[in-house]
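Right, one structure below, let's go through it.
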Amino acid sequence: MGKNSIVASLDLGTSKVCCMIGEITRTGDLDILGYGIAESSGIKKGNIINVDSVVQSVFKAVEQAGQMAGNKINRAIIGLSGSNISLFNNRGVVAIPRNAREITPLDVERVLQAAKIVAIPYDREMIDVIPREFIVDGCDGIKDPVGMVGTRLEVSACIITGLLTAVQNVARCVQKAGIDIEAMVLKPLAAAEMLLTEDEMDMGAVLVDVGAGTTEVAVFQEGCIAAYDLIPLGGDHITNDIAIGLRLPYSRAEEIKRKYACARPALASDKVEIEIQSIGEVSGRKISQKDLTAIVEPRIQEILSFVSNCLKNLNLKSLLPAGVVLTGGGLVHIKGSMETAQQILGLPVRLGVIDSYDREQTFTVALGLLYYGLRHGIFNSGTMAKEKAVYGFLEKARRIFKEYF
């Protein structure tokens with residue numbers, strides 16, 4: 001097992017930090033070696049509010065994963081989200097030398113670098129550049145131009161930027177925990193790697209990830225992310241409503257939500273069987289699932305209404321024939337949530353879960369980050385850079401030789 005083949009990811013969430021360690025095999029596949037989960041209390045609505053708390057959570061999750069995997073890691077790919085994230089389109093153009101008109105990986109890298117040449121506000125940082133399509137001599141719709149012949153290579157790309165201070169705070173927390181950053185990737189891109197099919201991403205689909213403190217809405221069209229928004233509401237708000245409405249400790253309210261919560265009164269039971277003991281009461285009492293539904297239903301409808309308004313504002317509803325994929329631990333465990341989502345959003349809705357780890361939502365992003373990094377060559381970027389440098393020298397030498405001899 002070579003050290004260079006060991007890769008890791010970090011998903012920093014509102015309620016938990018998840019670290020996953022894998023190994024890239026000789027065949028290019030990914031074997032998962034271990035994972036670690038630590039409670040998080042330093043992140044609110046996608047933003048870091050307590051650096052020390054996040055550092056401790058990262059350290060614990062990394063330590064757990066390392067013990068399970070039998071490997072200590074010092075680098076990881078980081079999942080990024082937040083209301084400060086914004087997307088916009090830009091184009092890049094490069095010329096292909098006449099003496100060597102075959103497009104190479106180096107030419108693709110050059111055109112992507114050209115797409116990065118754009119003025120962005122001083123308080124924002126460029127996180128990623130994702131190619132939507134390549135155009136070779138006016139021929140568009142090309143996904144991979146390598147090997148084609150042409151004189152002009154163009155790219156239409158999606159530029160992802162984030163608030164500089166927010167990105168730096170994430171980087172600071174991870175680095176203070178002793179981890180170098182391999183790359184930062186927008187979380188929905190990682191989740192889509194695990195949950196969306198190629199057909200869904202091409203036709204047009206929306207990924208709705210209801211987490212603990214936030215709900216992420218990501219629209220995919222023609223194989224690329226087209227829009228992103230973050231709603232500052234999630235599963236914790238449902239738990240909080242139960243805790244306040246029934247005057248329960250938060251931990252008990254979370255337990256009741258996961259076991260009994262229902263999104264639709266028609267699906268709820270009238271049986272008085274849920275045992276509770278409100279704060280300040282000497283003896284316990286029982287309520288029905290229908291009583292509980294009266295508390296949680298308005299909040300669930302509010303979250304989904306925000307998602308619906310988001311899609312209306314983006315004017316993309318008619319362009320989403322593949323519908324909605326609903327994921328995240330904040331909502332999918334609640335009975336009737338799928339039916340409510342379909343009614344409010346007015347689109348086909350399916351559940352998005354990974355088949356492994358008992359279909360547990362906790363691991364979706366962390367696992368997706370590893371596969372995203374593997375597919376996009378992020379983990380061997382250092383090796384790739386060296387190869388590009390050597391390739392560039394040889395390519396230049398070959399072209400000079402052709403021109404003069």
Side-chain angles (χ1 to χ4, degrees), residues 11-18 39-51 53-54 57 78-87 123-125 127 160-170 173 184-191 206-219 225 227-245 250 253-254 257 261 263 295-314 316 324-334 337 340-341 344-345 352 361-362 364-365:
D11 172 20
L12 280 62
T14 302
S15 62
K16 50 77 185 171
V17 170
C18 183
E39 288 186 6
S40 172
S41 58
I43 300 175
K44 188 176 182 180
K45 297 178 182 178
N47 296 314
I48 291 172
I49 58 172
N50 188 316
V51 171
S53 177
V54 176
S57 298
I78 314 299
L80 201 64
S81 65
S83 57
N84 61 82
I85 300 292
S86 64
L87 280 61
D123 62 341
R124 301 194 69 80
E125 181 171 332
I127 298 167
I160 301 175
T161 70
L163 194 65
L164 181 62
T165 52
V167 175
Q168 287 178 339
N169 281 331
V170 172
C173 289
M184 287 188 175
V185 174
L186 193 63
K187 285 187 184 182
L189 295 174
V206 56
L207 181 64
V208 178
D209 188 344
V210 185
T214 60
T215 296
E216 292 184 271
V217 182
V219 178
I225 190 167
Y228 171 82
D229 201 0
L230 183 135
I231 299 163
L233 289 172
D236 282 356
H237 295 80
I238 301 171
T239 305
N240 195 55
D241 289 345
I242 297 171
I244 293 172
Y250 190 88
E254 177 68 21
K257 181 189 79 173
I295 296 173
V296 304
E297 183 191 19
R299 182 67 78 178
I300 293 171
Q301 290 183 344
E302 181 187 23
I303 293 171
L304 293 171
S305 294
F306 270 104
V307 175
S308 180
N309 290 335
C310 174
L311 295 178
K312 285 177 184 175
N313 292 336
L314 294 170
L316 290 169
V324 176
V325 177
L326 187 64
T327 188
L331 193 59
V332 297
H333 298 293
I334 297 177
S337 59
T340 302
I344 292 176
L345 300 178
Q361 304 290 307
T362 304
T364 303
V365 172

Under 3.5 Å donor-acceptor pairs involving side-chain atoms of residues 206-216, not counting sequence neighbours:
from: Thr215; atom 1: OG1; to: Leu233; atom 2: O; distance (Å): 2.7
from: Glu216; atom 1: OE2; to: Tyr228; atom 2: OH; distance (Å): 2.7

For this session: Apply side-chain contact (heavy atoms from CB on, under 4.5 Å) to the pair Val219 and Leu311, showing each step before the final yes or no.
Result: CA-CA 9 Å; Val219 178; Leu311 295 178; 4.1 Å; yes
Problem set entry | side-chain contact (heavy atoms from CB on, under 4.5 Å) assessment of Ile225 paired with Leu189 | CA-CA 8 Å; Ile225 190 167; Leu189 295 174; 4.0 Å; yes
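Between Cys173 and Ile48 the shortest heavy-atom distance is SG-CD1, 3.6 Å. Scanning both residues, Thr340 and Ala263, for their nearest heavy atoms gives OG1-CB, 3.7 Å. The shortest heavy-atom contact between Thr239 and Ala253 is O-CB, 3.7 Å. Residue Leu12 comes nearest to Lys187 through the heavy atom pair O-NZ, 2.6 Å, listed as atom of the first residue, atom of the second, then distance.
By the 4.5 Å heavy-atom criterion applied to side chains, Val167 and Leu80 are counted as neighbours. Between Asp229 and Leu314, every side-chain heavy-atom pair lies at or beyond the 4.5 Å cut-off. For the pair Asn47/Asn84, a side-chain contact is recorded, criterion being any heavy-atom separation below 4.5 Å from C-beta on. Between Val54 and Ile43, some side-chain heavy-atom pair lies under the 4.5 Å cut-off.
Checked against salt bridge (Lys or Arg N to Asp or Glu O under 4.0 Å), Glu254 has the following partners two or more places apart in sequence or in another chain: Lys257, Arg258. With sequence neighbours excluded, no residue forms a side-chain hydrogen bond (donor to acceptor under 3.5 Å, both in side chains) with Ser337.
The OG atom of Ser41 sits 7.5 Å away from the CD1 atom of Ile49 when rounded to the nearest 0.5 Å. Of the inter-residue distances, the one linking Ser308 atom OG with Gln301 atom CD reads 12.0 Å to the nearest 0.5 angstrom. The structure places CZ of Arg124 at 9.5 Å from OG1 of Thr165, a figure rounded to the nearest 0.5 Å. Interatomic distance, CG of Asp241 versus CD1 of Ile295, reported as 8.0 Å (0.5 Å rounding). How far OG of Ser86 is from CD1 of Ile160: 9.5 Å, rounded to the nearest 0.5 Å. Rounding to the nearest 0.5 angstrom, the gap separating the CD1 atom in Ile238 from the CG atom in Leu331 is 5.5 Å.
Within a 6.0 Å sphere centred on CD of Gln168, other residues, nucleotides and ligands contribute more than 12 heavy atoms. The environment of Lys16 atom NZ is dense: over 12 non-hydrogen atoms of other residues, nucleotides or ligands sit within 6.0 angstrom.
No side-chain N or O of Ser40 forms a donor-acceptor pair with one of Ser57 less than 3.5 Å apart.
Looking only at distances, no side-chain donor or acceptor of Asn240 sits under 3.5 Å from a matching main-chain atom of Asp236.
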